[in-house]
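Note sheet for the following structure.
As a basis for the values below, the full set of heavy atoms in this structure was taken, side chains included, without hydrogen atoms, waters or symmetry mates. Here the structure is a predicted model, which is why all the values come from computation and not from measurement.
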Amino acid sequence: MKRIIFAIIILSGICAYAQEKKSDTAKTKNIEGITITKQIFKKQSDRFVYDVAASPVAKGNTTFDLLKQTPLLSAIDDRTLKIAGKNNALIYINGRKTNMDSDALVQFLKNTPAENIQKIEVITVPGSEYQVESSDGIINIVLKKKMSDGFNGNMRMSNTQTKYNASQASFSVNYRKDKLGISTSLSGGEEIQPQYYILRNGNSKSSNESVGTSDNPNRNIGGYLNIDYQLTDKSNLALSWNTWANKNYDSTVDLFNTIKNENGTRYTWSKNREDARSYNNSLNLNYELKTDSLGSKLNINTAYLNYKRFRSVDNRTYLSNINRNVLDMSQQTFQNLPQIINNFSGMLDYIQKFKDDLTISLGGNYNKTKTDNDTKNETYFYIPTNLTKSTPNHFIYDENIYGMYVTAEKKFSDKFSGKIGIRYEITNSLGTSDNAPTIALQRIERNYNNLLPYANFNYTINEKNNISYSFSSRMRRPSFWQINPVKNILTDDNYTQNNPFVKASSIYNQELTYVYKDSYFLILNHTFFKDVITQVPLQGYPVAPDGTTKSRNELRYISTNFGNKQEMSAMIGIQKSFFKQYWTTSFNIGVQHNINNGSLGVDPTTGERFKNDQGQFVEYTNSLKSTSLLIQTNNTIRLDKNKTWFLGVNYFFVDKQQIELGLLKNLMSLDLNLKKNWNDWTFAINVNDVFRTNIIEITDYQTNGNYNYVYQNRYPRGIIISFTYNFGNKKVKKVRDIEGVFKDIKSRTK
């Protein structure tokens with residue numbers, strides 16, 4: 001990483017020297033007194049549009065910081081972007097999804113300067129032409145379009161201080177000459193992700209408490225190369241290569257465990273060490289042909305994705321005492337947990353536009369994915385006896401998805417427009433295991449078909465008032481890691497269990513939106529989830545199907561389908577500038593009502609049931625409801641007339657709410673930033689989570705007497721110092737971004 005930073009410093013010096021401007025002998029007179037105000041935030045058909053180029057927040061920011069300050073968007077955990085009233089958000093660039101797994105995408109967005117962004121589109125209910133799952137929305141980043149040939153680029157460096165110090169750097173270059181465009185970027189960083197845990201579970205007669213820390217060192221490096229060539233006036237050919245590598249060696253977990261039951265109290269230490277590395281490489285070939293002057297076009301994509309992750313874990317349990325001394329080692333487990341994913345994809349889309357404001361779109365896609373998980377698991381028991389238990393498993397999963405869609409969009413008048421569509425998907429999958437503990441796990445075959453309708457209607461009452469309604473149905477498939485039947489061990493009695501029997505869930509979403517003067521909005525949303533995919537805590541004394549009962553109380557977080565759920569939300573907001581654009585604010589406030597309805601009493605991977613201390617079989621249930629208050633505001637204050645100094649004040653509050661694992665305590669964060677623009681340089685300092693209030697705390701009390709408590713502190717409070725430099729010809733035309741046809745596969749590589 002130090003070599004990367006040193007190289008970028010040298011390049012910045014060269015670029016700065018090359019861009020020194022000579023004074024012009026022809027003097028010009030200043031023209032004053034003219035103020036042009038451009039609409040920053042507006043509603044268009046099926047999306048909200050945030051014009052970043054007309055806003056002062058972009059310069060000097062990262063793309064991730066910019067997205068967090070976009071109306072309707074938030075990132076409570078500083079990693080996962082969410083749209084108000086939705087689950088996760090998918091990132092698109094110029095209408096096409098990025099080709100990175102979730103971890104690589106976060107690092108990419110945090111290391112990429114925001115200067116080249118023209119606008120951000122928030123699509124809360126995507127149409128049938130988008131290959132999205134669940135109730136996910138889409139964040140479409142539209143890059144600036146510039147017309148002349150030449151060369152430009154930017155560089156950014158930052159340093160972050162939380163519990164530990166972290167550094168990030170990026171360097172990107174764009175070049176265009178006649179019909180050829182080339183864009184490339186290199187970025188990387190290193191950080192240690194710390195966490196502090198308190199985990200408690202049990203009942204009135206027995207309990208288990210684990211308290212301690214984990215440190216996860218990460219080094220990232222990656223980039224992309226896009227080559228775009230204009231074959232004719234109507235056709236383009238483009239090739240894109242994305243790569244990202246992550247290394248986190250010597251990751252540690254140290255937990256002190258207190259186990260209480262009728263026989264007394266036992267103390268142990270869980271000390272886990274992990275080495276992991278992952279690689280993501282994707283190639284994408286795109287051909288686009290414009291078929292008429294109205295904008296009709298044919299789009300063909302082919303792509304290949306290779307994702308590799310290798311994990312080696314050493315879990316050790318030591319005896320201890322009330323003074324927390326580390327005594328003899330009682331148990332040791334070695335795990336090798338590799339995952340290799342190969343995906344071949346193809347997609348064809350055709351859009352036909354007619355003169356009477358009618359657009360017909362149709363297309364199809366094919367995804368073939370194979371995952372290879374050759375895991376090893378060996379446990380050595382030293383106390384009370386020397387025993388060895390080996391449970392290797394080679395799990396291979398093949399999946400084929402065929403999809404086709406058709407949509408019709410019509411503008412009936414200047415006031416009324418509509419869009420309807422339907423998507424049909426066929427999914428065939430087969431999972432095989434060579435050493436599964438049960439026959440049912442040796443071969444798991446699933447074939448299902450889904451018909452997914454979509455509708456959107458937009459009515460402009462007058463120039464100040466607009467109302468729209470959308471309906472969408474989607475599927476959510478489990479991630480490839482969730483269906484790999486392995487354990488992730490935290491302590492002897494506490495672990496997560498993946499589940500190859502998890503099936504796809506169905507999601508139905510409705511949304512009503514009202515917008516006034518393109519500045520004030522009201523959004524009403526209802527989402528119904530069938531067969532929710534989540535992690536469910538099962539605890540007690542496991543009882544096998546043959547009646548054998550284990551002597552120790554366990555807590556398993558099992559990936560499974562967990563009943564149904566409803567989410568309803570109502571939100572009002574404003575996006576507006578005041579005092580001649582000295583103050584720009586985005587403010588949202590609303591309520592969300594959650595209805596959970598699920599229960600689980602059997603481990604679906606082993607068939608085991610769980611008994612409590614009274615010998616009764618118990619199950620985990622969640623049929624609770626909750627209503628939560630949501631508040632988010634982002635404010636940019638211009639401190640001088642020359643538009644060089646800016647102060648940012650950002651705040652969010654999420655009230656306590658009922659989720660699948662229990663009652664999530666309220667979360668909030670106050671973030672401050674100060675920014676200085678000087679010629680082509682931007683200097684910034686950010687202070688995140690000023691009052692250290694963004695800490696996760698979950699409590700759950702079951703009617704059967706069991707309880708579960710989770711406290712997780714990721715040390716979100718920190719200071720970030722950064723500088724950004726833009727160089728070169730500022731009129732370079734941006735390279736045309738192309739779409740990865742395996743975009744629906746990417747979100748599942750986690």
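For Y402, the ring pair (Phe, Tyr, Trp, His ring centres under 6.0 Å) criterion is met by Y366, not counting sequence neighbours. The salt bridge (charged side-chain N to carboxylate O under 4.0 Å, His left out) check on K376 picks up D374, with sequence neighbours excluded. In terms of the ring pair (Phe, Tyr, Trp, His ring centres under 6.0 Å) criterion, F501 has no residue partners (sequence neighbours excluded). Among residues two or more places apart in sequence or in another chain, the salt bridge (charged side-chain N to carboxylate O under 4.0 Å, His left out) test is passed with K271 by D254. Residues meeting the salt bridge (charged side-chain N to carboxylate O under 4.0 Å, His left out) test with D700, sequence neighbours left out: none. Every residue two or more places apart in sequence or in another chain that forms a salt bridge (charged side-chain N to carboxylate O under 4.0 Å, His left out) with E554 is listed here: K550, R556. Judged as a side chain to side chain donor-acceptor pair (under 3.5 Å), and not counting sequence neighbours, Y701 has no contacts. Under the side chain to side chain donor-acceptor pair (under 3.5 Å) criterion, T375 pairs with no residue, sequence neighbours left out. Residues satisfying the side chain to side chain donor-acceptor pair (under 3.5 Å) test with T560, not counting sequence neighbours, are none.
Within the structure, the salt bridge (Lys or Arg N to Asp or Glu O under 4.0 Å) test picks out the following pairs touching residues 527-549 (sequence neighbours left out): K503-D531. Under the salt bridge (Lys or Arg N to Asp or Glu O under 4.0 Å) criterion, the residue pairs touching residues 315-334 are D314-R316, with sequence neighbours excluded. Residue pairs meeting the ring pair (Phe, Tyr, Trp, His ring centres under 6.0 Å) criterion with at least one member in residues 542-565, sequence neighbours excluded, are F562-Y620.
Judged by distance alone, with hydrogens and angles left aside, the side-chain atoms of S628 form a donor-acceptor pair with the main-chain N or O of K656 at under 3.5 Å. S626 places a side-chain N or O within donor-acceptor distance of the main-chain N or O of Q658, the cut-off being under 3.5 Å. Checked by atom type and distance alone, the side chain of N704 pairs as donor or acceptor with a backbone atom of E619 at under 3.5 Å. Side-chain atoms of N218 come within 3.5 Å of backbone N or O of N216 as a donor-acceptor pair. Distance alone, capped at 3.5 Å, is enough to place a donor-acceptor pair between the N612 side chain and the Q614 backbone. Although no hydrogens or angles enter the test, the distance criterion places a donor-acceptor pair under 3.5 Å between the side chain of N622 and the main chain of E660. Using a distance-only test at 3.5 Å, with no hydrogens or angles considered, no donor-acceptor pair links the side chain of N323 to the main chain of N325.
The environment of CZ in R692 is sparse: at most 12 heavy-atom neighbours from other residues, nucleotides or ligands sit within 6.0 Å. Remark: K308 NZ is loosely packed, at most 12 non-hydrogen atoms of other residues, nucleotides or ligands lying under 6.0 Å away. Other residues, nucleotides and ligands contribute at most 12 non-hydrogen atoms within 6.0 Å of the CD1 atom of I322.
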N280 and N242: CA distance, side-chain angles, deciding distance, side-chain contact (heavy atoms from CB on, under 4.5 Å) verdict
CA-CA 8 Å; N280 185 301; N242 288 270; 5.6 Å; no

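A donor-acceptor pair shorter than 3.5 Å can be found between the side chains of D603 and T605. If you check the side chains of N201 and N708, you find no donor sitting under 3.5 Å from an acceptor. Side-chain contact, Q195 with Q712: a donor N or O sits under 3.5 Å from an acceptor N or O. Defined by atom type and a distance below 3.5 Å, a donor-acceptor pair is missing between the side-chain atoms of N499 and S559. Looking at Y495 and Q497, their side chains never bring a donor and an acceptor atom within 3.5 Å of each other. Looking at Y709 and E697, their side chains do bring a donor and an acceptor atom within 3.5 Å of each other. Side-chain contact check for T317 and D492: at least one donor-acceptor pair (N or O, by modelled atom type) lies under 3.5 Å. Looking only at atom types and distance, the side chain of D613 has a donor-acceptor partner in the side chain of N203 under 3.5 Å away.
Looking at heavy atoms from C-beta onward, L255 lies out of side-chain contact with N494 at the 4.5 angstrom threshold. With contacts defined as side-chain heavy-atom distances shorter than 4.5 Å, the pair E191/T160 does not qualify. Within the 4.5 Å cutoff, no side-chain heavy atoms of S505 are placed close to those of F529. You'll find the side chain of S210 stays beyond 4.5 Å of the side chain of Y197, heavy atoms only.
Between F334 and Y380, the ring planes are perpendicular. Angles over 60° get that label, and only those under 30° would be called parallel.
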